[in-house]
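In this text, all values refer to a predicted model and were calculated from it rather than measured experimentally. Only heavy atoms go into these numbers, but all of them, side chains included; no hydrogens, no water, no symmetry mates.
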Amino acid sequence: ESGGMLKIVSLAPETENGFETVKYCAENGITVSMAHTDATFEQAEKAHSLGATRLTHTYNGMRPFTHRDPGVLGYALTTPEIQCELICDLYHVSSAAIKVAVKCKGTDNITMISDSGVFAGLGDGEYVVDGRVRYVKDGLCLADDKKTIAGSTKTLYDGVKNMFSLGFSPAEIAVMASLNPARACGDTTRGSLDTGKRADIVVLDKTGTITDGKMTVT
């Protein structure tokens with residue numbers, strides 16, 4: 001732990017020394033999340049047996065699921081002990097795929113993330129960061145090949161609004177966007193409304209729109 005927060009490492013377990021790294025991290029209190037990986041179902045299963053417990057940005061940057069080769073995605077979606085991170089900007093993952101993931105995992109095992117980068121909140125245009133060109137149009141950020149998604153321009157709040165539009169309830173969204181992220185970080189001071197926790201609250205109306213903060217407590 002560092003400052004009360006958990007250490008999390010994202011890695012591809014099937015790469016050289018990957019399984020040994022998973023085991024080392026797990027034995028030393030470091031949470032392991034499988035990411036940018038071409039792992040098969042069996043390799044994901046082995047990584048889990050050695051201590052991997054998460055899947056970074058589910059669906060993205062990993063071996064795709066097929067009916068004969070379910071891969072790391074198939075393993076994560078069918079294994080209750082694996083927590084799945086999910087980008088809900090509706091660019092990285094389609095609305096149908098979001099519903100599939102939540103149906104498979106349940107809200108307790110989905111952690112909403114933004115994947116937003118330095119372009120979050122900026123308008124359309126061409127940007128250069130660390131010598132690499134990024135193109136932003138209509139909220140979609142593409143790499144210099146103008147084909148590959150390169151991070152997100154959307155915030156977690158945008159994801160929350162999208163989840164409202166897909167029919168998820170405020171209670172379900174609160175678990176995925178607030179409680180589970182806090183748990184993932186090992187932060188026990190926030191994430192839910194409980195006595196002694198931080199009053200770190202964003203008030204939304206029934207449509208998922210941020211209000212002026214006024215509310216009536218009964």
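In this structure, the side chain of Lys154 does not engage the main chain of Gly121 through any donor-acceptor pair within 3.5 Å. In terms of modelled atom types and a separation under 3.5 Å, the side chain of Asp145 and the main chain of Lys147 share a donor-acceptor contact. Without hydrogens or angle criteria, Asn60 side chain to His92 main chain gives a donor-acceptor distance under 3.5 Å. With hydrogens and angles ignored, the 3.5 Å screen pairs a side-chain donor or acceptor of Glu14 with a backbone N or O of Asp38. For Asp130 (side chain) and Arg132 (main-chain N/O), no donor-acceptor pair under 3.5 Å exists by modelled atom type. Distance alone, capped at 3.5 Å, is enough to place a donor-acceptor pair between the Thr66 side chain and the Asp69 backbone.
Annotation for Lys161: atom NZ counts as buried by contact number, over 12 foreign heavy atoms lying within 6.0 Å. Counting non-hydrogen atoms of other residues, nucleotides and ligands closer than 6.0 Å to NZ of Lys197 gives a total above 12. Residue Glu16 qualifies as open at atom CD: its count of foreign heavy atoms under 6.0 Å is 12 or below.
The OG1 atom of Thr56 sits 4.5 Å away from atom CD of Glu85, with the distance rounded to the nearest 0.5 Å. Taking CE of Met112 as the start and CG of Asn180 as the end, the distance is 10.5 Å to the nearest 0.5 Å. Note: Ser10 OG to His57 NE2 = 7.0 Å, rounded to the nearest 0.5 Å. In this structure, CG in Asp194 is found 10.5 Å from OG1 in Thr188, a value given to the nearest 0.5 Å. Note: Ile87 CD1 to Ser116 OG = 9.5 Å, rounded to the nearest 0.5 Å. Interatomic distance, OH of Tyr59 versus CG of Leu77, reported as 5.5 Å (0.5 Å rounding).
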(request) Could you walk me through whether Leu73 and Arg63 pass side chain to side chain contact (heavy atoms under 4.5 Å, CB included), step by step? (result) CA-CA 7 Å; Leu73 178 59; Arg63 177 187 289 259; over 6 Å; no
(message) Under the criterion side chain to side chain contact (heavy atoms under 4.5 Å, CB included), I'd like the reasoning laid out for Met176 against Val102: C-alpha separation, chi angles, the key distance, then a yes or no.
(response) CA-CA 10 Å; Met176 295 184 286; Val102 178; 4.1 Å; yes
(request) Could you walk me through whether Leu50 and Tyr24 pass side chain to side chain contact (heavy atoms under 4.5 Å, CB included), step by step? (result) CA-CA 9 Å; Leu50 294 172; Tyr24 173 85; over 6 Å; no
(request) Could you go through the side chain to side chain contact (heavy atoms under 4.5 Å, CB included) check for Asn109 and Ile82 one step at a time? (result) CA-CA 7 Å; Asn109 290 308; Ile82 298 293; over 6 Å; no
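No continuous path of hydrophobic side-chain contacts links Phe119 to Leu142 [ILVMFWY only; heavy atoms under 4.5 Å]. In terms of hydrophobic clustering, with Ile, Leu, Val, Met, Phe, Trp and Tyr side chains grouped at heavy-atom distances under 4.5 Å, Leu193 and Leu179 are assigned to different clusters. Note on Met163: it clusters hydrophobically with Val202, by side-chain heavy-atom contacts below 4.5 Å among ILVMFWY residues. If you chain together hydrophobic residues whose side chains sit under 4.5 Å apart, Ile113 and Val93 never meet in one group. If you chain together hydrophobic residues whose side chains sit under 4.5 Å apart, Ile98 and Phe164 fall into the same group.
Of all non-hydrogen atoms in Lys105 and Thr79, the two that sit nearest each other are NZ-O, 2.5 Å. Contact detail for Thr209 and Tyr157: the closest heavy-atom pair is CA-OH, 3.3 Å. Cys84 approaches Ala76 most closely through the heavy-atom pair SG-CB, 4.0 Å. Across every non-hydrogen atom of Lys99 and Leu166, the tightest pair is CE-O, 3.7 Å. The minimum heavy-atom distance linking Gly191 with Ser178 is given by the pair O-OG, 3.3 Å. Between Ala39 and Pro13, the shortest heavy-atom distance links the atoms CB-CG, 4.3 Å.
Classified by interplanar angle (parallel below 30°, tilted 30° to 60°, perpendicular above 60°), the ring pair Tyr75/Phe41 is perpendicular.
A 4.5 Å side-chain heavy-atom check between Val72 and Leu55 finds at least one atom pair inside the cut-off.
Using modelled atom types, one finds no donor on one side chain facing an acceptor on the other under 3.5 Å when comparing Gln83 with Thr53. For the residue pair Asp158/Thr155, the side-chain donor-acceptor check at 3.5 Å is satisfied.
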